[in-house]
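Naming: A, B, ... by sequence-line order, numbering from 1 per chain.
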Protein chains: 2
Amino acid sequence: MSNATIYDVAGAAGVSLATVSRVLNNPEKVKEETRQRVLKVIKELGYRPNVIARGLASRKTTTVGVVISDITRASVAEMLGGISDIAQNYHYSIKLFAIREDMDVIDTLHDIVAEQVDGVLYLNDELNENRVEDIKRMFNSNGIPFVFANVVSDDPDVPTVSIDYEKAGYEITKLLINDNRKNVYLLSTARRYSVNDKKEAGYVRAMEEAKLEPKIFRTSGDTNINRQHFSTFFSDKKIDAAIGVRDSIAVSFMNIARDNGRTIPKDLAVAGFQNTKYALLSRPNLTSIDVPVYDIGAVSMRLLTKLMNQKDVDNIRISLPHYIVKRQSTN
Amino acid sequence: MSNATIYDVAGAAGVSLATVSRVLNNPEKVKEETRQRVLKVIKELGYRPNVIARGLASRKTTTVGVVISDITRASVAEMLGGISDIAQNYHYSIKLFAIREDMDVIDTLHDIVAEQVDGVLYLNDELNENRVEDIKRMFNSNGIPFVFANVVSDDPDVPTVSIDYEKAGYEITKLLINDNRKNVYLLSTARRYSVNDKKEAGYVRAMEEAKLEPKIFRTSGDTNINRQHFSTFFSDKKIDAAIGVRDSIAVSFMNIARDNGRTIPKDLAVAGFQNTKYALLSRPNLTSIDVPVYDIGAVSMRLLTKLMNQKDVDNIRISLPHYIVKRQSTN
DNA sequence: CTGAAAGCGCTTACAG
DNA sequence: CTGAAAGCGCTTACAG
């Protein structure tokens, strides 16, 4: 039963509650001797300050809200790991807000504001620029610092942590072109995400630079990308390379290609994005862009703590390095 | 700026704050007419009660703590999805507590208690029975309801939501035995999890029933299960079937088997647990036990709400149905 | 059905 | 360096 209150501690230590509070929050303001005495009592009683009461009095909850649009996305868990590790270092708690398709985002944001979090981390795209502006306005008008993690936005006032997806798209395409592939397809998603738009832009840039025709194929689904969609693909089209905007799309496509008699990578080179476990479990192993998802989470959280503590931040738009992991699905 | 307080609402509506509070919490106690007036003002002012103040006054935070040992585990994200959906229905918030290897669990539990959550969901094990007892004692002594999700424990007083892993282990083994496989291996983890112990028990039961010798092979790692570990495996051992306690282990093993010239499923049948995306992206597709992870999350959360509201709960140990998804890796 | 008042467990100026 | 007091924004008996 560690339900001792600050009054109990004050009483047992023979000091006022103000002093106990100071020992916890501004120890340097308390005489060494008094502090030791109070600390001893705190330990004996197993006292832990009630964070709710503290939150009300100080108007700081040491809690950050983490908004997630699609919680089942593979990257989310790892990003949460990074966020959580840093949050623990800074003694912040994490409140999770999972947004479902059927929910009104703005309404959820109002809820988050009512939850009195000190800051917000907004994860993982599917956001267009308008949405980003709405969110920015909402949090700004309530004075709540926020950081977008793994979201792409061109607004210079919006704090973001991500990788340079355009460059990544360019580089992976370049890799295939340099392998003398002429008909390189980009397999993207039917739904438009800002992140995938960037990948596409990089892909297009590399193709045009090489005087090749960009060919973007949009698929819905993921692990089971529409087989029908692809059934005529191999008879109709000339294709010697494909890039999936996600590993799962790339692996899925690679499997279908093999079912259609293509040898990987001889006939067809395939690459993906994110370097997930899928890339390692596929045969052949998939070449993929490694996105430092954990780091994106960790760095966003660190940036957010700075913003919450009104530290001067030199750069609110952080781009983390990525690299290509070359495996057997390409030469 | 939705920072109107209850005072503002009371003032604008010409009532006391007690009445505003009642409109929010016990609307039936307020005269229709008054209620409408207050509701109108609430809307106009965009008032949302400060949940921290409410938490302090009512001693209920409508927040549940979710404890996660390994957040990167594939099942966690989906379970969180189930938890989150139900939590939203009941208007509970979720606070995340990720436990790292290097952390003292009991200390974390103390923190959670200090956070004043109304209840706790404990996910996804690596727990042995002693640990379960510690946790149970801790929360009981603080009067905090809790539910273990996807954790196996034999203590009848511990609320758990899971599937019958012993039975699942039995059934999948039986499937292989009925296909006339004689040398069925179980590929388990080096570390002992209660969940895997159950799978093993079911496997052993099926093997012994069939007068076959159980052979359990423990591996560390996962996606890249130790190749050296297995290098001599296929020359030394007679094996015509293998069950991985996780899909990733099964797929990884299947890949190595194929590298060693085995044809799946003719020479070697392989099955996994969890029916993750890995099972779908592997070639051949993996037969696997479907564990209703989302449902486990959802049902745990529902059970927890009952416990938090001291509803009579007839059954605090819920076992959800599972089934075998048969694919090409077995006959 | 409604209001005045106490209280939830802290923090934080303000004095001293 | 320490304490008395006000206040954070709510809820909840208690009266009426």
Nearest-nucleotide check on DNA chain D, A:V15 vs A:Y7; residue mapping nearer the 5' end is A:V15
Assign each of B:A53 and B:R37 to its nearest nucleotide of DNA chain C by heavy atoms, then name whichever residue's nucleotide is nearer the 5' end.
-> B:R37
Residue list, ring pair (Phe, Tyr, Trp, His ring centres under 6.0 Å) with B:F146, at least two apart or on another chain = B:F139, B:F148
Ring pair (Phe, Tyr, Trp, His ring centres under 6.0 Å) contacts in which one or both residues fall within residues 49-106 of chain A, not counting sequence neighbours = none
Residue list, salt bridge (charged side-chain N to carboxylate O under 4.0 Å, His left out) with B:K29, at least two apart or on another chain | none
Residue pairs passing the salt bridge (charged side-chain N to carboxylate O under 4.0 Å, His left out) test with at least one member in residues 78-90 of chain A, sequence neighbours excluded, are A:D85-B:R100
What pairs with B:Q116 under side chain to side chain donor-acceptor pair (under 3.5 Å), at least two apart in sequence or on another chain?
-> none
Span of DNA chain C engaged by chain A, first through last nucleotide within the 4.0 Å heavy-atom cut-off, is C:dG9 to C:dA13
B:D107: salt bridge (charged side-chain N to carboxylate O under 4.0 Å, His left out) partners, not counting sequence neighbours = A:R48
What pairs meet the side-chain hydrogen bond (donor to acceptor under 3.5 Å, both in side chains) rule with one or both residues in residues 58-68 of chain A, with sequence neighbours excluded?
-> A:T61-A:D118
Base-pair map of DNA chain D as dot-bracket, where | denotes pairing with a different strand and pairs are Watson-Crick or G-U under 3.5 Å = |||.||||||||.|||
Sequence neighbours excluded, which residues qualify as salt bridge (charged side-chain N to carboxylate O under 4.0 Å, His left out) partners of A:D295?
-> none
Can you list, by residue number, the residues of residues 19-33 of chain B that have a non-hydrogen atom closer than 4.0 angstrom to DNA chain D?
-> B:S21, B:R22, B:N25
Is there a donor in the side chain of B:Y165 and an acceptor in the side chain of B:N150, or the other way round, less than 3.5 Å apart?
-> yes
All salt bridge (charged side-chain N to carboxylate O under 4.0 Å, His left out) counterparts of B:D8, not counting sequence neighbours = none
